[in-house]
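Encoded as structure tokens, the structure appears first; notes follow it.
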Number of protein chains: 2
Amino acid sequence: MKKLDERRKKILKAIVQSYIDCNTPIGSVLLTKMYPIGLSSATIRNIMAKLEEAGYISQPHTSAGRVPTEKGYRFYVDNLLEEQSLTLSSDLSRELSNKLRSYEKNNNVLIDEAAKTLSSVSHYLAIATPPKVEDILLKRIKFIKYEKRQVLTILISDEGIVENKIIELDKIHSQAQLDEAAMYINSKFSGLSLKEARERISNQLIKEKTLYNRLTANLLYIFKNIIPQETGSQPLNGLSGTSYLTDFASMKQIKGILRAIEDKRFMLKLLQQISASKGTQVIVGMDQIIPAMSELSMVISTFSSKSLVSGAIGIIGPTRMNYMKMIPMVDHTAKALTKILSKF
Amino acid sequence: MKKLDERRKKILKAIVQSYIDCNTPIGSVLLTKMYPIGLSSATIRNIMAKLEEAGYISQPHTSAGRVPTEKGYRFYVDNLLEEQSLTLSSDLSRELSNKLRSYEKNNNVLIDEAAKTLSSVSHYLAIATPPKVEDILLKRIKFIKYEKRQVLTILISDEGIVENKIIELDKIHSQAQLDEAAMYINSKFSGLSLKEARERISNQLIKEKTLYNRLTANLLYIFKNIIPQETGSQPLNGLSGTSYLTDFASMKQIKGILRAIEDKRFMLKLLQQISASKGTQVIVGMDQIIPAMSELSMVISTFSSKSLVSGAIGIIGPTRMNYMKMIPMVDHTAKALTKILSKF
DNA sequence: TAATAGCACTCTCAATACCAGAGTGCTAAT
DNA sequence: ATTAGCACTCTGGTATTGAGAGTGCTATTA
């Protein structure tokens, strides 16, 4: 799998790069002209034949040039991109960071803006998944007497207000009573993730009905129902550059992508894929995830906030995209996001 | 402009409808076969020549059939669609209403869901603009002492909580002090629209600096800044069925539409267009609004909530869509939305 | 006199043929 | 081991052609 001698690597790299440049199958003659390899076209042809046999490149038809296969791209990304060349121009790097810094305040807007910036510099589709709501750590809950039997309930995490709702109790209670109940609930559940909190409440409500007074039990129940669920119906948070789709995707691919975006199950699969390992990674050929999305690739990276809740941000483009530019771009953006989120 | 005799109307209607059905230019012979008009193809040809001269239909090229022009569609929609035929099957009507009723709770989700339903039954792109934030009527503002100098500020309207934020004051104040300031502010501004409120505060802060004590002035200032602005950057609220685009739009059109959606200025233009008159209306040929969107039409309707704040919901499809089905669909959905929103 | 049948004409679209260009694999020579 | 040379193959663009569909005009009919 990995035993390609130096000469073959060199040729493969040249093929991939010129294919990325020209978007046209690469023939042996053309290659000798573009790259100053000290070899004749005939020799290149021999090497190409070997590379094809090994599955790294293929011919669209007899007597066309060669095109990298998925395996070819994979190898290129993994072994042929040297670290040193993966740097962002300092101009671009500054531009990315600055744009983001101006949106520090609001997390959702920040993530949206990150996707927007990424798509506008890459000219590909940018997507960002917000941090999983369920993993947010609860700081405290607050009940505020509002009007008659109505109570304003607020869920607060380190990142700010998570959820708030006006709910209606069956009886009128004083603010002091509410405070007492809140204090009790906080003592038991603050510090947990929302998911854990919900689960624990469910258990306790069943087991120890008698432990709580009526009000506390009521509020606990309400608390549980207020915790936002990962419904899968909420719209995709950061999504930008859909109009670039027409530049690099076919009708079929566009349909596939748009459907995936609306569907949201796509995002879940995606998250599974990438959450396995941290850092920036490249998915070559997305037909594994969504059929009809072959020929498309993804460069994606994870970011995280102070409380270690993490999301992902990246781009979707043609498999023949310029990885040398795109990888550092995504990487930088994700790191900038992490920096800003952690500071807050 | 309107003086088409009965026979010509009949022919125009037949042309438009069969073009909608077949999506192919309609010739005189074909027409006589499909519709039992008591006329021969030669006669039809004569009439067609007149209709073409008057600008209602056109030929893609000599010796192809005729295709309706925008003017032709316009006339068809305005004069040739009889009221009686514009009814929804009761099945579909029930389906639409039921689906919506299950989302009564949350306005934004409700509107999203309405768009989703609309796109899934029409197979076209559905869009919905949420009510203008600026027109929401302010019910009251509330300041809640939170922690040390921090204060939780909540904006409430008839529809529920509009905005909330934790802000930081320069000094510590008691809840009583905060309540007093809130009471004062409420007495002055509750009942106004958010827009009006903001404007008035600006004026008063300039003119009557001396009238308020330090805290009230501070809170007024904060209040003003918290009022959500129509920034144009917030993502489009209800948008569904983008993947259907590939079924009826060309690459160019898709690009145009996607760009418009991301841009949001599109929505403003749109709202201007339709807010002029209430009810369901048809925009034939959207190149007026967005160039590159010719051949596309829109069926859109307004809806409103209790406090008369109104939004719009509709579909975008090919100009040759089936208006007889689409108009009642959109109409019904908008009415159902209004019903649900008013009840709440 | 309005409607119609017939006919010559026009234009598109699909199929076919053809050719230049680019690329390959193989063989023989260096 | 590398290379030059050559015969062969395949695509993509450009003509060419013929069938099909539709029109406008004219002569005919009721």
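In what follows, every chain begins at residue 1, and chains take the letters A, B, ... in the order their sequences are listed. Remember, predicted model here, so these are calculated numbers, not experimental data.
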Report task. With a 4.0 angstrom cut-off to heavy atoms of chain A, pull out the first and last contacting nucleotide of DNA chain D, in 5'-to-3' order. Result -> D:dT2 to D:dT11

Verify, without hydrogens or angle tests, whether [X] (side chain) and [Y] (backbone) share a donor-acceptor contact under 3.5 angstrom.
X        : Y        : result
B:Thr246 : B:Ser243 : yes
A:Thr319 : A:Leu296 : yes
B:Glu262 : B:Arg259 : no
B:Thr129 : B:Ala312 : yes
A:Lys255 : A:Ala292 : no

Query raised in the report: Of all of residues 24-36 of chain A, which get a heavy atom below 4.0 angstrom from DNA chain D, listed by number?
Result: none

Requested in this report: In sequence, state the C-alpha distance, the side-chain angles, and the governing distance for B:Leu80 and B:Phe75, and then conclude on side chain to side chain contact (heavy atoms under 4.5 Å, CB included).
Outcome: CA-CA 7 Å; B:Leu80 267 29; B:Phe75 189 87; 3.6 Å; yes

Query raised in the report: Within the structure shown, what part of the strands sits under 4.0 Å from B:Ala64 by heavy-atom distance: base, sugar-phosphate, or nothing?
Result: sugar-phosphate

Report summary line: Ranking B:Pro60 and B:Ile44 by the position along DNA chain C of their nearest nucleotide, the one closer to 5' is B:Ile44

Report task. Take B:Thr43 and A:Ala49, find for each the nucleotide of DNA chain C with the closest heavy atom, and name the residue whose nucleotide sits nearer the 5' end. Result -> B:Thr43

Requested in this report: Would you kindly give the CD-to-C1' distance between B:Gln59 and C:dT10, to the nearest whole Å?
Outcome: 11 Å

Query raised in the report: Is the phosphate of C:dC11, meaning OP1 or OP2, less than 4.0 Å from a side-chain N or O of B:Thr62?
Result: yes

Query raised in the report: For C:dG6, does OP1 or OP2 lie under 4.0 Å from any side-chain N or O of B:Arg45?
Result: no

Query raised in the report: Is any side-chain N of the basic residue among B:Glu6 and B:Lys9 closer than 4.0 Å to the acidic one's carboxylate O?
Result: yes

Report task. Keeping to residues at least two apart or across chains, list the side-chain hydrogen bond (donor to acceptor under 3.5 Å, both in side chains) pairs with something in residues 118-128 of chain B. Result -> B:Ser119-B:Ser240

Query raised in the report: Ignoring hydrogens and angles, does a donor from either the side chain of B:Ser63 or the base of C:dT10 sit under 3.5 Å from an acceptor on the other?
Result: yes

